[in-house]
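Structure, as structure tokens:
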Protein chains: 2
Amino acid sequence: MARTRQRAEVDTPSRILDAAERLVQMRGFNGFSYADVASELNVSKASLHYHFPGKAELGEALIGRYAARFADALEEIDGRGGSAPAKLEAYASIYADVLRAHRMCLCGMLAAEYDTLPKAMRTAIIGFFDDNEAWLGGVLEQGQREGSLSLDGSAADAAQTIVSGLEGALLVARPYGDVARFQAAATRLLTSLAAAAP
Amino acid sequence: MARTRQRAEVDTPSRILDAAERLVQMRGFNGFSYADVASELNVSKASLHYHFPGKAELGEALIGRYAARFADALEEIDGRGGSAPAKLEAYASIYADVLRAHRMCLCGMLAAEYDTLPKAMRTAIIGFFDDNEAWLGGVLEQGQREGSLSLDGSAADAAQTIVSGLEGALLVARPYGDVARFQAAATRLLTSLAAAAP
DNA sequence: GTCTATAGGCAGATAGAC
DNA sequence: GTCTATCTGCCTATAGAC
């Protein structure tokens with residue numbers, strides 16, 4: 001009989017990705033090693049290489065899973081069917097959760113290290129940002145139709161500004177370890193897009 | 001007779017700092033080695049260790065020089081005596097120049113790698129951001145007095161938002177190698193602070 | 001001040017037993 | 001699938017000659 005019931009233990013590849021993801025988000029792709037992951041999971045380095053032949057493949061898998069999880073979160077937000085400002089607030093709260101876990105956005109971290117990364121990872125990073133901006137662009141257009149948002153440029157430009165602003169707020173909040181600092185920047189960023197009271 | 005005339009060749013410590021700075025801004029502190037600097041300057045690794053005993057000391061020196069150069073640039077902007085919006089634009093153009101050189105802000109890069117850095121470097125990074133925000137706070141208050149800027153929160157909050165926004169725009173523009181992308185985000189960020197036409 | 005030589009450790013990666 | 005053992009190369013750093 002197939003195991004349809006969820007179990008507390010997850011498969012080894014997922015546990016590897018979990019540990020590696022946390023390490024990359026906290027220390028960067030050049031700041032962690034297979035040995036770090038192995039010691040954290042109490043497995044050997046060779047076992048890691050069995051599941052992910054090289055660091056490049058591990059990196060690709062990390063981005064792929066992270067982007068898929070992000071896409072799921074955005075879909076979930078759409079499913080709630082709220083107003084555009086509410087969706088933007090929900091979007092920003094994803095970033096706040098990342099900071100609360102003492103992490104950087106995975107792809108923000110990799111954007112900093114971009115020049116040192118293998119090509120497949122680079123392509124995937126750009127895809128992540130493109131997907132986020134495409135979703136935000138749709139929300140911003142919705143807000144304009146609703147009259148809940150007032151843009152002074154294109155929706156695509158505003159989407160880029162939101163992604164940049166949130167990534168930067170996350171980045172600069174790291175040294176301070178200050179969530180309130182992030183929140184202030186995020187709120188200011190989003191309220192600057194809100195329509196004047198009608 | 002003392003050498004008062006400037007020469008084309010600069011001293012070795014400066015040349016080391018120049019090469020290391022470029023490498024850190026492009027590849028990160030964990031993404032370059034003494035060997036990289038040595039081969040670029042055609043000197044031995046041992047010579048590097050003579051001037052900077054360890055990587056930590058080199059890192060401290062890098063931040064110190066970078067912060068001092070930034071402080072000089074801000075002083076120069078003050079010396080021009082323009083309006084607050086003009087000063088903000090000049091401030092943003094410093095970041096644009098960094099991006100045009102295909103680099104990340106040194107301290108923005110180090111903020112990403114923060115968890116992996118020695119304590120002295122951490123302290124210096126926070127000092128850099130504090131100094132920048134203090135200067136921006138002064139400019140923003142000037143703008144409020146002049147009536148050229150209209151803040152809906154404290155000057156300190158707006159200063160944080162500007163630093164975050166510019167660092168984030170720099171970070172996300174890296175994968176795309178797109179200066180226009182940065183410019184759009186910077187302009188949007190600054191115009192959102194401008195006072196409505198009186 | 002700069003060099004060669006080298007130490008000692010850790011990186012990513014592989015072979016082959018179980 | 002996971003292990004031990006090992007390889008090769010690069011890392012930071014130091015010793016000592018010039």
Side-chain angles (χ1 to χ4, degrees), chain A residues 2-3 7-63 109-110 113-122, chain B residues 2-3 7-24 26-63 109-110 113 115-122:
Chain A
R3 292 206 290 96
R7 303 176 59 114
E9 311 89 43
V10 291
D11 54 308
T12 304
S14 293
R15 291 181 50 210
I16 295 170
L17 289 172
D18 287 343
E21 182 179 76
R22 190 188 125 268
L23 286 165
V24 174
Q25 289 186 260
M26 294 185 73
R27 307 177 51 89
F29 193 73
N30 295 322
F32 89 104
S33 69
Y34 267 48
D36 294 328
V37 178
S39 80
E40 190 165 316
L41 299 183
N42 286 113
V43 295
S44 67
K45 287 187 293 174
S47 179
L48 269 50
H49 281 284
Y50 170 79
H51 294 286
F52 301 96
K55 214 180 174 187
E57 288 80 8
L58 175 57
E60 287 179 61
L62 283 173
I63 303 172
M109 180 66 83
L110 297 177
E113 301 177 292
Y114 194 77
D115 286 3
T116 70
L117 302 178
K119 187 181 279 183
M121 287 182 68
R122 296 189 187 191
Chain B
R3 292 204 291 99
R7 303 175 59 110
E9 310 88 42
V10 292
D11 54 307
T12 304
S14 293
R15 292 180 52 214
I16 295 170
L17 289 173
D18 288 341
E21 182 180 74
R22 188 188 127 269
L23 285 166
V24 174
M26 294 186 73
R27 307 177 50 88
F29 193 73
N30 295 323
F32 90 104
S33 70
Y34 267 46
D36 295 327
V37 178
S39 80
E40 189 164 318
L41 300 184
N42 286 113
V43 296
S44 67
K45 288 185 291 174
S47 179
L48 269 50
H49 282 285
Y50 170 79
H51 294 284
F52 302 96
K55 214 179 173 187
E57 288 81 7
L58 175 56
E60 287 179 60
L62 283 174
I63 303 172
M109 180 66 85
L110 297 176
E113 300 176 292
D115 285 4
T116 70
L117 301 178
K119 187 181 278 182
M121 288 183 67
R122 296 189 189 191

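First the proteins, then the strands, lettered A, B, ... as listed; each starts at 1.
- In the region residues 34-51 of chain A, proximity to DNA chain C at under 4.0 angstrom, judged on heavy atoms, holds for A:Y34, A:A35, A:K45, A:A46, A:H49.
- In plain terms, the two heavy atoms of A:S39 and A:D36 that are nearest each other are OG-O, 3.2 Å.
- Taken to the nearest 0.5 Å, the OG1 atom of A:T116 stands 8.0 Å off from the CE atom of A:M121.
- No donor-acceptor pair under 3.5 Å is formed between the side chain of A:S47 and the backbone N or O of A:S44.
- Nucleotide D:dG1 holds its C1' atom 13 Å from the CZ atom of A:R15, rounded to whole Å.
- The CD atom of B:E57 lies 6.0 Å from the CD atom of B:E60; values are rounded to the nearest 0.5 Å.
- Atom pair A:K55:NZ and C:dC10:P shows a separation of 16 Å (rounding to whole Å applied).
- For A:T12, a side-chain nitrogen or oxygen approaches OP1 or OP2 of D:dT2 to under 4.0 Å.
- Remark: B:E40 engages B:R22 in a salt bridge (charged side-chain N to carboxylate O under 4.0 Å, His left out) (not counting sequence neighbours).
- Rounded to whole angstrom, the span from the CG atom of A:N30 across to the P atom of C:dC10 amounts to 18 Å.
- Considering NE2 of A:H49 and NZ of A:K55, their distance stands at 10.0 Å, rounded to 0.5 Å.
- As judged by a 4.0 angstrom heavy-atom cut-off over every strand, A:F32 is placed among residues touching the sugar-phosphate backbone only.
- Taken to the nearest 0.5 Å, the CG atom of A:L62 stands 10.5 Å off from the CD1 atom of A:I16.
- Contacts between residues 22-29 of chain A and DNA chain C, counted as heavy-atom distances below 4.0 Å, involve no residue at all.
- Judged by distance alone, the side chain of B:Y34 and the main-chain N or O of B:A46 form no donor-acceptor pair under 3.5 Å.
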